[in-house]
Undergrad: 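Just passing along the structure, written as structure tokens.
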Amino acid sequence: MSQDATKSSKAIPLKIPEHQDSSSGTETQVEKQVDLPPSDDDARFWTRPKIKQYWHSANNIDTSVLFVDLLYVGIIAVNADTTIEGPTRTAFLRFSVTFLPTWKIWSDISILVSQFEIGNVTERSIILFILACLVGYTTNIHSALCTTYAQLVAFYLAARIAVAIVTVVLAIFIPRIRPIMLLNLISIIIPMAFWVRSCFLDIYTREPLIWLAICWAVDVQDRLQRVGAFVSLIFGYSVVGILYQSLRKFGLNAFFGKAVLALVQEFCFNWIYFDVDEKYHQAQPAKRHTISAVLWFNAHLPFIMSYTLSSAALSKLVVAHDCPNAGSKASRRRVKRSSRRV
């Protein structure tokens, strides 16, 4: 391993005064090894790209990952809630078209943060620019198939261009991953041509190009840990969706019962997916065979999308007046005005 591959602490010998002899007035010096803190590149404008060495700092958690995850939970909520407000064929098509590109952007950021050193000002500025494009993409979801489609595609392509630039830089400065980076660059450029062409077509003829661009960009190279991390985000959104505010003195009613039942359901899904499934299988399907890996990754995409929509629908069912102990007509009107208060 090269010395500049990782940020490692250095141990240097130092002579430290141990005690003072009262009779002679001299100090006894003992040589000890003192660990100095690692060098910090956070204040530098630019440093050479490096691959993270997980065996050296496996327990270090980058706060950028947590920040991106929190932002993406909010984006999932906006997209799913917008679809559930009017569950039509057009709404589901809009959800499918807009959900998959955001997943790709999240995956790109996860790769950059988890596999490469993101410490200097330039690298963090690139991450911030991609997040800003993701926010702009989200603000144009509601009318994506009508008036704001061009703006939506523009923000998405801006994020992908930033990722393409980073890919070129990594290919230049890290020769051992150059072939993989060049393949990733091709997988970015070709779908961009489909997206640009779709902006000049009407809503009915652009749909085949959209699906071509999405299917080309969403590949099976998403690693097992990243898919599990994404599923954990969906589970986190589903738990947040069942929370509501009660306006009554004694809140043990049908709304609370439905929230607890929804919580039990989400807890069991999380338990089965992360604990039971991994514990009682000798190997994950993604690690057994190439065919099982392809099936496993492709099955996760409709699972994640359907679970997201079901979680958004469940948040509406929790505050719905669909049982005798759910309040009066006055409370129905109050729920409509404040959607999450009962």
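Each residue takes its place number in the sequence, starting with 1. Below, each value reflects all heavy atoms present in this structure, side chains not excepted, and no hydrogens, waters or symmetry copies.
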Undergrad: Fit a plane to each ring of Phe303 and Tyr307, take the angle between them on a 0 to 90° scale, and name the class: parallel (under 30°), tilted (30 to 60°) or perpendicular (over 60°).
TA: tilted

Undergrad: Grab the two heavy atoms, one from Ile242 and one from Ala259, that are nearest each other, plus how far apart they are.
TA: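 Minimum heavy-atom separation between Ile242 and Ala259: CD1-O, 3.7 Å.
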
Undergrad: Between Ile172 and Arg178, what is the shortest heavy-atom contact and its length?
TA: O-NH2, 3.3 Å

Undergrad: Are Leu212 and Ile186 grouped together when hydrophobic residues (ILVMFWY) are joined by side-chain heavy atoms under 4.5 angstrom apart?
TA: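 Yes, Leu212 and Ile186 fall within the same hydrophobic cluster.
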
Undergrad: Are any of the side-chain heavy atoms of Asn79 and Thr138 separated by less than 4.5 Å?
TA: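 Result no, sub-4.5 Å side-chain heavy-atom pair not found.
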
Undergrad: Using the side chain to side chain contact (heavy atoms under 4.5 Å, CB included) rule, take Leu152 and Ile141 through it: C-alpha gap first, then chi angles, then the decisive distance, then the call.
TA: CA-CA 7 Å; Leu152 181 109; Ile141 284 179; 4.1 Å; yes

Undergrad: With rounding to the nearest 0.5 angstrom, report the CG to CD1 distance, Leu185 to Ile165.
TA: 10.5 Å

Undergrad: Do Phe129 and Val121 share a hydrophobic cluster (ILVMFWY, side-chain heavy atoms under 4.5 Å, transitive)?
TA: no

Undergrad: Between the main-chain N or O of Lys104 and the side-chain N or O of Ser107, is there a donor-acceptor pair closer than 3.5 Å?
TA: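 No.
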
Undergrad: Is there side-chain contact between Phe155 and Asn140, with heavy atoms separated by less than 4.5 Å?
TA: yes

Undergrad: What's the spacing between Ser96 OG and Leu309 CG if we round to 0.5 Å?
TA: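 One finds 7.5 Å between OG of Ser96 and CG of Leu309.
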
Undergrad: Out of curiosity, Ile214 CD1 to Thr98 OG1, how far, rounded to the nearest 0.5 Å?
TA: 8.5 Å

Undergrad: The test is side chain to side chain contact (heavy atoms under 4.5 Å, CB included); show your working for Glu207 and Leu93 and say whether it passes.
TA: CA-CA 10 Å; Glu207 187 174 344; Leu93 176 62; 3.6 Å; yes

Undergrad: Does a donor on one side chain and an acceptor on the other come within less than 3.5 Å for Thr205 and Asp202?
TA: yes

Undergrad: Do Leu100 and Met305 come close enough that some side-chain heavy atom pair is under 4.5 Å?
TA: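 Leu100 vs Met305: side chains touch.
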
Undergrad: As a test of understanding, state which of Val73, Leu71, Val78 forms a side-chain contact (heavy atoms from CB on, under 4.5 Å) with Ile75.
TA: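 Of Val73, Leu71, Val78, side-chain contact (heavy atoms from CB on, under 4.5 Å) with Ile75 is met by Leu71 alone.
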
Undergrad: Which heavy atom in Tyr244 sits nearest to a heavy atom in Val318, and how many Å separate them?
TA: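 The answer is CD2-CG1, 4.0 Å.
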
Undergrad: How about Leu131 and Ile109: do any of their side-chain heavy atoms sit closer than 4.5 Å?
TA: yes

Undergrad: Looking at every heavy atom in both Leu201 and Arg206, which two are closest together, and how far apart are they?
TA: O-NH2, 2.7 Å

Undergrad: Backbone N or O of Ala154 within a donor-acceptor pair of the Tyr137 side chain at under 3.5 Å?
TA: no

Undergrad: Please confirm whether the backbone N or O of Gln151 pairs with a side-chain atom of Thr148, one donor and one acceptor, at under 3.5 Å?
TA: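 No, because the side chain of Thr148 does not come within donor-acceptor range (under 3.5 Å) of the backbone of Gln151.
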
Undergrad: How close do Ser238 and Ser311 get, heavy atom to heavy atom, and via which atoms?
TA: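 Heavy atoms only, the tightest pair is CB-OG, 3.1 Å.
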
Undergrad: Is it the case that over 12 heavy atoms from other parts of the model lie below 6.0 angstrom from the CZ atom of Arg197?
TA: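 Atom CZ in Arg197 is not crowded, with 12 or fewer foreign heavy atoms closer than 6.0 Å.
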
Undergrad: When you compare the side chain of Val68 with that of Ser110, does any pair of heavy atoms fall below 4.5 Å?
TA: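 No - every pair of side-chain heavy atoms lies 4.5 Å or more apart.
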
Undergrad: Do Ile190 and Leu209 share a hydrophobic cluster, counting only Ile, Leu, Val, Met, Phe, Trp and Tyr and linking them when any side-chain heavy atoms are less than 4.5 Å apart?
TA: yes

Undergrad: Checking side-chain hydrogen bond (donor to acceptor under 3.5 Å, both in side chains) for the pair Tyr149/Ser198: CA distance, chi angles, key distance, verdict?
TA: CA-CA 9 Å; Tyr149 179 78; Ser198 65; 2.6 Å; yes

Undergrad: Any chance you could lay out the side chain to side chain contact (heavy atoms under 4.5 Å, CB included) test for Gln265 and Leu314, step after step, and finish with the verdict?
TA: CA-CA 11 Å; Gln265 173 180 307; Leu314 188 61; 4.2 Å; yes

Undergrad: Out of curiosity, Leu112 CG to Ile127 CD1, how far, rounded to the nearest 0.5 Å?
TA: 5.0 Å

Undergrad: Quick one: does Lys316's side chain have a donor or acceptor within less than 3.5 Å of a partner on Ile84's backbone?
TA: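 Side chain of Lys316 to backbone of Ile84, a donor-acceptor pair under 3.5 Å: no, none is there.
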
Undergrad: What verdict does the side chain to side chain contact (heavy atoms under 4.5 Å, CB included) test give for Ile304 and Phe99, after you've listed the backbone C-alpha separation in whole Å, the side-chain angles of each residue and the deciding distance to 0.1 Å?
TA: CA-CA 10 Å; Ile304 291 174; Phe99 182 86; 3.7 Å; yes

Undergrad: Regarding Thr167 and Asn184, is there a side-chain donor-to-acceptor distance under 3.5 Å anywhere?
TA: no

Undergrad: What about Phe230 and Tyr72, are their ring centers closer than 6.0 Å?
TA: yes

Undergrad: Could you see if Leu70 belongs to whatever hydrophobic cluster contains Tyr237? Use Ile, Leu, Val, Met, Phe, Trp, Tyr and a side-chain cutoff under 4.5 Å.
TA: no

Undergrad: Please check: side-chain N/O of Lys258 versus main-chain N/O of Ala320, any donor-acceptor pairing under 3.5 Å?
TA: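 Here the side-chain-to-backbone pair exists.
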
Undergrad: Between Val169 and Ile189, is there a shared hydrophobic cluster once you connect ILVMFWY residues whose side-chain heavy atoms come closer than 4.5 Å?
TA: yes

Undergrad: Identify the heavy atoms of Asp69 and Trp106 that sit nearest to each other, and give their distance.
TA: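 Heavy atoms of Asp69 and Trp106 come nearest at OD1-NE1, 3.1 Å.
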
Undergrad: CZ of Phe92: more than 12 outside heavy atoms within 6.0 angstrom?
TA: yes

Undergrad: Strictly by salt bridge (charged side-chain N to carboxylate O under 4.0 Å, His left out), give each pair with a member in residues 298-308 just once, sequence neighbours left out.
TA: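 Found none.
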
Undergrad: Counting only heavy atoms not in Phe269, do more than 12 fall under 6.0 Å of its CZ?
TA: no

Undergrad: Measure the NE2-OG1 distance between His142 and Thr147 for me, rounded to the nearest 0.5 Å.
TA: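 Going from NE2 on His142 over to OG1 on Thr147, the span is 9.5 Å.
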
Undergrad: Do the side chains of Asp108 and Arg160 get close enough for a salt bridge, i.e. N-O under 4.0 angstrom?
TA: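 So Asp108 pairs with Arg160 through a salt bridge.
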
Undergrad: Kindly compute the distance separating CG (Leu182) from CG (Leu170), expressed to the nearest 0.5 Å.
TA: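 Those atoms lie 11.0 Å apart.
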
Undergrad: Would the distance check show the side chain of Arg94 and the main-chain N or O of Ser143 forming a donor-acceptor pair, the cut-off being under 3.5 Å?
TA: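 No; zero donor-acceptor contacts below 3.5 Å.
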
Undergrad: From the options Phe200, Trp211, Tyr156, select the one residue that forms a ring-ring contact (aromatic ring centres under 6.0 Å, His included) with Trp195.
TA: Tyr156

